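Shown next, in structure tokens, is the structure this report addresses.
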Amino acid sequence: MLGSGLLDDVPLDDLARLFDRIGLVDAVHPWPARLAARRYPNVALVTAEISAGLAGSWADLCTSADLIVSANVLSQLPIVPIEARGRAAPPLLGAHLVETHLKALDTLAGRVERVCLITDAMQRAEDRSGRFTDSLDMLFGSELPPTEAAWDWELGPFGASGRRHRLIHRVQACPDWKTVPR
């Protein structure tokens with residue numbers, strides 16, 4: 001599981017029953033994730049920065065896996081490097097990091113049985129009349145091939161994001177990256 005984070009989107013109980021070994025890969029494992037992982041002898045925490053693509057020890061773990069899931073991490077990869085650089089961030093840095101991750105998924109798809117991608121692709125702000133007032137390309141200009149599933153997720157309801165608007169993310173998913181037409 002690439003980008004396991006707080007495990008909010010990870011059905012760890014089900015996965016631990018279905019698989020012999022699970023690797024939760026992230027740059028930082030918050031304490032709720034560490035605590036949850038301790039309950040299962042077949043769950044390992046792998047601390048690795050994955051924005052550079054296929055590199056380091058996590059690549060070996062991934063290539064010996066049956067299933068790789070990149071869950072809600074693709075659109076997050078550019079955030080910290082861009083925020084850390086502030087206004088000096090190169091304009092194409094976000095797109096480069098997204099493309100690097102997609103190329104890593106291509107490589108993994110050639111090595112493992114199945115690679116699954118779930119990602120936020122677009123953020124829209126909607127006012128109370130239902131009119132979209134703003135949008136943000138969360139993939140920094142990179143385009144995904146047509147995916148098998150897509151849905152809207154209300155990330156910030158009215159009141160949480162502001163009194164007059166809400167934030168909606170368009171999520172795209174591909175259960176098997178090998179089958180996506182390119």
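Since the model is a prediction, treat every value here as computed from it, not as a measurement.
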Show the nearest heavy-atom pair for residues [X] and [Y], with the distance to one decimal.
X	Y	answer
A95	F140	CB-O, 3.3 Å
S4	D26	N-OD2, 3.3 Å
P181	P146	O-CD, 4.0 Å
A149	W151	CB-CZ3, 4.1 Å
F158	R163	CD2-O, 4.1 Å
P175	C116	O-CB, 3.7 Å

Checklist entry - Does a side chain donor of either T133 or H165 reach within less than 3.5 Å of an acceptor in the other side chain? => result no

Going hydrophobic residue to hydrophobic residue with side-chain gaps under 4.5 angstrom, can you get from [X] over to [Y]?
X	Y	result
V171	L2	no
L77	L105	yes
L139	L167	no
I118	V10	no
I22	L18	yes

At what distance, to the nearest 0.5 angstrom, does [atom1] of [X] lie from [atom2] of [Y]?
X	Y	atom1	atom2	result
D127	R164	CG	CZ	10.5 Å
H101	H96	NE2	NE2	13.5 Å
L15	M1	CG	CE	5.5 Å
L117	T147	CG	OG1	8.0 Å
D137	D120	CG	CG	11.5 Å
L108	I68	CG	CD1	5.5 Å

Does some side-chain heavy atom of [Y] sit less than 4.5 Å from a side-chain heavy atom of [X]?
X	Y	answer
L144	L74	yes
Q76	M138	yes
T100	K103	no
R124	D152	yes
L67	V112	no
V43	F19	no

Checklist entry - Just wondering, more than 12 heavy atoms not from W31 lying within 6.0 Å of its CH2? => result no

Next on the checklist: Tell me if a side-chain donor or acceptor on N42 pairs with a main-chain N or O of A16 at a distance below 3.5 Å.
Outcome noted: yes

Checklist entry - Any donor and acceptor pair, going by atom type alone, linking the side chain of H29 with main-chain N or O of V46 inside 3.5 Å? => result yes

Item to check | R17/D14 under salt bridge (charged side-chain N to carboxylate O under 4.0 Å, His left out): CA gap, chis, key distance, verdict | outcome: CA-CA 5 Å; R17 280 193 305 274; D14 295 330; 2.5 Å; yes

